[in-house]
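Inspection log for the structure reproduced underneath, given as structure tokens.
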Amino acid sequence: DSGVTQTPKHLITATGQRVTLRCSPRSGDLSVYWYQQSLDQGLQFLIQYYNGEERAKGNILERFSAQQFPDLHSELNLSSLELGDSALYFCASSVGSISGNTIYFGEGSWLTVV
Amino acid sequence: QQQVKQSPQSLIVQKGGISIINCAYENTAFDYFPWYQQFPGKGPALLIAIRPDVSEKKEGRFTISFNKSAKQFSLHIMDSQPGDSATYFCAASRKGGTASKLTFGTGTRLQVTL
């Protein structure tokens, strides 16, 4: 158990809908990362927050948004969902925002868009 | 643009054999190179990591070899066991700045047979 908690574990929704994925980082970790894992794209970095502030942005679609709240939990919002958004979404956390900080991953949220 | 290239895509090794997975990178600003292990239905978990100031790091049966001039690093699993069957990802992160996101390779699915 990494200590990173993600909900829901599984989610099935229709195209055009909006979903919110939730993440609680490890106790004491200030950085939160979101990654998307699909069969053909591997682990793709979406976005990083550190203590509520956005620190890095990857290939995150405009239909997707994220935020980190004062209690350090984070949410990833996916809207106008398309079939191609079906993937495993991972949240990860680390204590800081320096290269070399160990990054711990949650068990992911499986999103299926039908 | 694939900043970290990983090979092979899949690997079958007999029990007791040596598993070798290779990665190459382009960005000389990378200064931290972890390997993650992922079992089906689970999130990636840190296995072992190295900085470019050393050429080798060993932890139990797992060894990272690092060649800074060639911009390559590899994971060796000695005495491979069926329990090592998993997907392995190499990764890298950049020094400096205020972000610590990992850029992942495409993964290697390892199967250790009896």
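Residue numbers start from 1 in every chain, and the chains themselves are labelled A, B, ... in the order their sequence lines are given, proteins ahead of strands.
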**Request:** Using the rule that two of Ile, Leu, Val, Met, Phe, Trp, Tyr join whenever any of their side-chain heavy atoms come within less than 4.5 Å, decide whether A/Ile103 and A/Leu88 are in one cluster.
**Result:** yes

**Request:** Take atom CZ of A/Arg63 as the centre, draw a 6.0 Å sphere, and report whether it contains more than 12 heavy atoms from other residues, nucleotides or ligands.
**Result:** yes

**Request:** Can you check whether anything in residues 74-86 of chain B gets within less than 4.5 Å of chain A, heavy-atom wise, and list it by number?
**Result:** none

**Asked** With a cut-off of 6.0 Å (strictly less than), are more than 12 heavy atoms of other residues, nucleotides or ligands near CD1 of A/Ile12?
**Response** no

**Asked** Is the number of heavy atoms from other residues, nucleotides or ligands within 6.0 Å of CG (A/Asn59) greater than 12?
**Response** no

**Asked** Roughly how far, to the nearest 0.5 Å, is the OG atom of A/Ser99 from the NZ atom of B/Lys101?
**Response** 10.5 Å

**Asked** Any link between A/Trp34 and A/Val113 through a network of hydrophobic side chains (Ile, Leu, Val, Met, Phe, Trp, Tyr) touching at under 4.5 Å?
**Response** yes

**Linked, directly or transitively: A/Leu30 and A/Ile47 (ILVMFWY side chains, under 4.5 Å)** = no

**Message:** Determine whether a donor-acceptor pair (N or O, by modelled atom type, separation under 3.5 Å) exists between the side chain of A/Tyr50 and the backbone of B/Ser100.
**Reply:** no

**Message:** Tell me whether B/Glu59 at atom CD has more than 12 heavy atoms from other residues, nucleotides or ligands lying less than 6.0 Å away.
**Reply:** yes

**Message:** Between A/Gln37 and B/Phe89, is there a side-chain heavy-atom distance shorter than 4.5 Å?
**Reply:** yes

**Sole residue of A/Tyr35, A/Tyr33, A/Phe45 in ring-ring contact (aromatic ring centres under 6.0 Å, His included) with B/Phe104** = A/Tyr35

**Request:** Kindly check if the number of other-residue, nucleotide or ligand heavy atoms within 6.0 Å of CD (A/Glu53) is above 12?
**Result:** no

**Request:** Give me the contact list for residues 31-57 of chain B versus chain A, heavy atoms only, anything under 4.5 Å, ordered by residue number.
**Result:** B/Asp31, B/Tyr32, B/Tyr36, B/Gln38, B/Gly41, B/Lys42, B/Gly43, B/Pro44, B/Leu46, B/Arg51

**Message:** Is there a path of hydrophobic side-chain contacts, each under 4.5 Å between heavy atoms of I/L/V/M/F/W/Y residues, joining A/Tyr104 to B/Leu102?
**Reply:** no

**Request:** Flag yes if B/Ile20 and B/Val13 sit in one hydrophobic cluster, no otherwise; membership is Ile, Leu, Val, Met, Phe, Trp, Tyr, and two members link when side-chain heavy atoms are under 4.5 Å apart.
**Result:** no

